[in-house]
Amino acid sequence: MLLIGSHVGFKKDSQLLGSLNETLSYGANTFMFYTGAPQNTMRYKIDDALTKEALLKMQEENIDYSKVIVHAPYIINLGNADNSDKYMFAVNFLKGEISRCEELGIKNIVLHPGSHVGCGIEEGIKNIAQGLNMILGNTSVTILLETMAGKGSEVGSKLEEIAQIINLVEDKEHIGVCLDTCHLSDAGYDIKDFDKFLNEFDSLIGIDKIKCVHVNDSKNEVGAHKDRHENIGFGYIGFDTLINIIYNKKLEDIPKILETPYVDREYAPYKYEIAMIKNKKFDDKLLEKIKSQEHINN
Ligand code: FE
Ligand code: FE
Ligand code: ZN
């Protein structure tokens, strides 16, 4: 069954229940959320009553909670350990995120591996693996390393780098990968021939490590290293390639998560993009329709 959703909010007052309601409003059957603002490390207490209510509603709505994803805040950087206070703050913050995932019953958390910020890629890889080894080993939560666009000094834009990190991680059972189509394309991978890409992934890392796919188009051409997401079908990757990835048999049970931009920074595109993905037919007027909030019937 196609598992499709988007990143959704997680607000103080509604928490998991609010995330679920937003998901349902998009016609989605899975979702990803940050346990607080993605750009900061402020976190509030988890309300178990709201979690319970959300879990019951998910049962009614046939949403497989074991596939729901949390994303760690992207300011957390394990790639550079020059300042040990900063590095340990990142490690400890991630430990806290993992605890919140456990409290919420979440199985998978996506993490940007990190940036080496000048210490070099080899050192960066070691720093990341060392941090992961301090965090894993004693948890049921799996950390999914996201493939990166290669902006600045980001580690993880090459599959070999992800493979090296995984090789250094002791608790292999709790380390996985999240593919991001925009990042892969920006990193220089031609995903038009996605089966070829998957074969390469399989030989370097193992296809069973893929636990999540971020489905985004890209505002830039292959290899641009920019990391600017575009709405589905409106960028350089294109609709057919993305549909081919979304419906790939080898990734059938893997959640597909949209992180495409709001239209005019105001209108969430997900309900419309999800409908278009289900139809498998590109609508080149989609963004205009979203802007005018015209109702789309399937
Ligand atoms: Fe991400
Ligand atoms: Fe992503
Ligand atoms: Zn991105």
Side-chain angles (χ1 to χ4, degrees), residues 1-76 93-94 96-112 140-144 146 178 180 211-216 229 231-232 254-275 277-278 290 293 295-296:
M1 192 182 63
L2 174 65
L3 285 171
I4 184 100
S6 68
H7 62 170
V8 294
F10 184 88
K11 296 189 182 80
K12 191 175 184 218
D13 298 328
S14 58
Q15 302 197 358
L16 191 62
L17 187 61
S19 309
L20 173 64
N21 287 336
E22 186 181 345
T23 297
L24 295 172
S25 79
Y26 298 148
N29 61 0
T30 192
F31 58 102
M32 178 177 85
F33 63 99
Y34 294 82
T35 69
Q39 69 277 13
N40 71 44
T41 53
M42 269 191 19
R43 295 293 181 266
Y44 24 76
K45 221 183 149 306
I46 287 168
D47 181 333
D48 291 336
L50 286 169
T51 304
K52 210 172 155 192
E53 202 180 331
L55 293 179
L56 275 171
K57 195 164 178 183
M58 275 187 249
Q59 275 185 348
E60 284 164 24
E61 300 284 347
N62 270 319
I63 288 184
D64 181 357
Y65 189 51
S66 71
K67 299 287 174 75
V68 172
I69 306 280
V70 159
H71 197 309
Y74 38 73
I75 51 153
I76 286 300
F93 184 80
L94 266 172
E97 280 295 87
I98 299 266
S99 304
R100 269 185 294 280
C101 286
E102 284 169 348
E103 253 183 275
L104 286 161
I106 286 283
K107 294 273 167 264
N108 291 302
I109 179 168
V110 170
L111 174 72
H112 294 182
S140 57
V141 178
T142 297
I143 295 180
L144 309 182
E146 182 166 352
C178 170
D180 183 309
K211 307 285 184 210
C212 179
V213 180
H214 289 168
V215 182
N216 304 303
H229 300 187
N231 293 100
I232 302 301
I254 306 301
K256 316 292 182 328
I257 302 292
L258 303 173
E259 304 170 297
T260 49
Y262 273 43
V263 180
D264 284 353
R265 293 169 179 263
E266 201 177 329
Y267 307 107
Y270 309 118
K271 176 182 166 189
Y272 305 93
E273 289 180 317
I274 287 167
I277 286 164
K278 286 180 182 167
I290 292 170
Q293 293 287 290
H295 191 72
I296 297 174

Asks: Among all residues two or more places apart in sequence or in another chain, which pass the side-chain contact (heavy atoms from CB on, under 4.5 Å) test with S99?
Replies: none
Asks: Checking T51 against L104 for the side chain to side chain contact (heavy atoms under 4.5 Å, CB included) test, could you report, in this order, the C-alpha distance in whole Å, the side-chain angles of both residues, the deciding distance, and whether it holds?
Replies: CA-CA 7 Å; T51 304; L104 286 161; 3.7 Å; yes
Asks: What residues form a side-chain contact (heavy atoms from CB on, under 4.5 Å) with K107, not counting sequence neighbours?
Replies: none
Asks: Nearest 0.5 angstrom please: S19 OG to H7 NE2, how far?
Replies: 12.0 Å
Asks: Go through I69 and L144 one step at a time and tell me if the side chain to side chain contact (heavy atoms under 4.5 Å, CB included) criterion holds.
Replies: CA-CA 10 Å; I69 306 280; L144 309 182; 4.2 Å; yes
Asks: State whether the side chain of N29 and the backbone N or O of I63 hold a donor-acceptor pair below 3.5 Å, judged by distance alone.
Replies: no
Asks: If you compare all heavy atoms of I290 against all heavy atoms of A268, which two are closest, and at what distance to 0.1 Å?
Replies: CG2-O, 4.2 Å
Asks: Within the distance-only criterion (no hydrogens, no angle test), does the side chain of H229 pair as donor or acceptor with the backbone N or O of E259 below 3.5 angstrom?
Replies: yes
Asks: Taking the side chain as everything from C-beta on, heavy atoms only, tell me whether N108 gets closer than 4.5 Å to C212.
Replies: no
Asks: Between the side chain of Y270 and the main-chain N/O of T260, is any donor-acceptor distance below 3.5 Å?
Replies: yes
Asks: Do L16 and I46 touch side chain to side chain, with heavy atoms closer than 4.5 Å?
Replies: no
Asks: Does any part of the side chain of V68, heavy atoms only, come nearer than 4.5 Å to the side chain of I106, both counted from C-beta?
Replies: yes
Asks: Working to the nearest 0.5 angstrom, can you tell me the gap between F31 CZ and I4 CD1?
Replies: 14.5 Å
Asks: At their closest point, which heavy atom of P73 faces which heavy atom of F93, and how far apart are they?
Replies: CG-CE2, 3.2 Å
Asks: About how many Å separate CD of E146 and CG of L111, when rounded to the nearest 0.5 Å?
Replies: 9.0 Å
Asks: When the ring planes of F10 and F33 are compared, do they come out parallel, tilted or perpendicular, using 30° and 60° as the limits?
Replies: parallel
Asks: Do K211 side-chain atoms and T142 backbone N/O form a donor-acceptor pair below 3.5 Å?
Replies: no
Asks: Could you walk me through whether E61 and L20 satisfy the side chain to side chain contact (heavy atoms under 4.5 Å, CB included) test, starting with their C-alpha distance in whole Å, then the side-chain angles of each, then the deciding distance to 0.1 Å, before giving a yes or no?
Replies: CA-CA 10 Å; E61 300 284 347; L20 173 64; 5.6 Å; no
Asks: Using ring-ring contact (aromatic ring centres under 6.0 Å, His included) as the criterion, list what pairs up with Y34, not counting sequence neighbours.
Replies: H71
Asks: Can a donor-acceptor pair be found, under 3.5 Å and without considering hydrogens, that links the side chain of S6 to the backbone of I257?
Replies: no
Asks: Minimum heavy-atom separation for A28 to G5, with atom names?
Replies: CB-CA, 3.6 Å
Asks: Of all the heavy-atom pairs spanning K256 and V215, show the shortest one and how long it is.
Replies: CB-CG2, 3.8 Å
Asks: Please round to the nearest 0.5 Å and tell me the distance separating atom CD of Q15 and atom OG1 of T35.
Replies: 9.5 Å
Asks: What salt bridge (charged side-chain N to carboxylate O under 4.0 Å, His left out) pairs are there with at least one residue in residues 37-57, not counting sequence neighbours?
Replies: R43-E97
Asks: I need the I98 CD1 to S140 OG distance, nearest 0.5 Å.
Replies: 9.0 Å
Asks: Any heavy-atom pair between the side chains of I277 and L258 that's under 4.5 Å?
Replies: yes
Asks: With salt bridge (charged side-chain N to carboxylate O under 4.0 Å, His left out) as the rule and sequence neighbours excluded, what pairs involving residues 3-12 come up?
Replies: none
Asks: Tell me which pairs pass salt bridge (charged side-chain N to carboxylate O under 4.0 Å, His left out) where either residue lies in residues 15-30, with sequence neighbours left out.
Replies: none
Asks: How long is the straight-line distance from OG1 of T23 back to CD1 of I274, given to the nearest 0.5 Å?
Replies: 8.5 Å
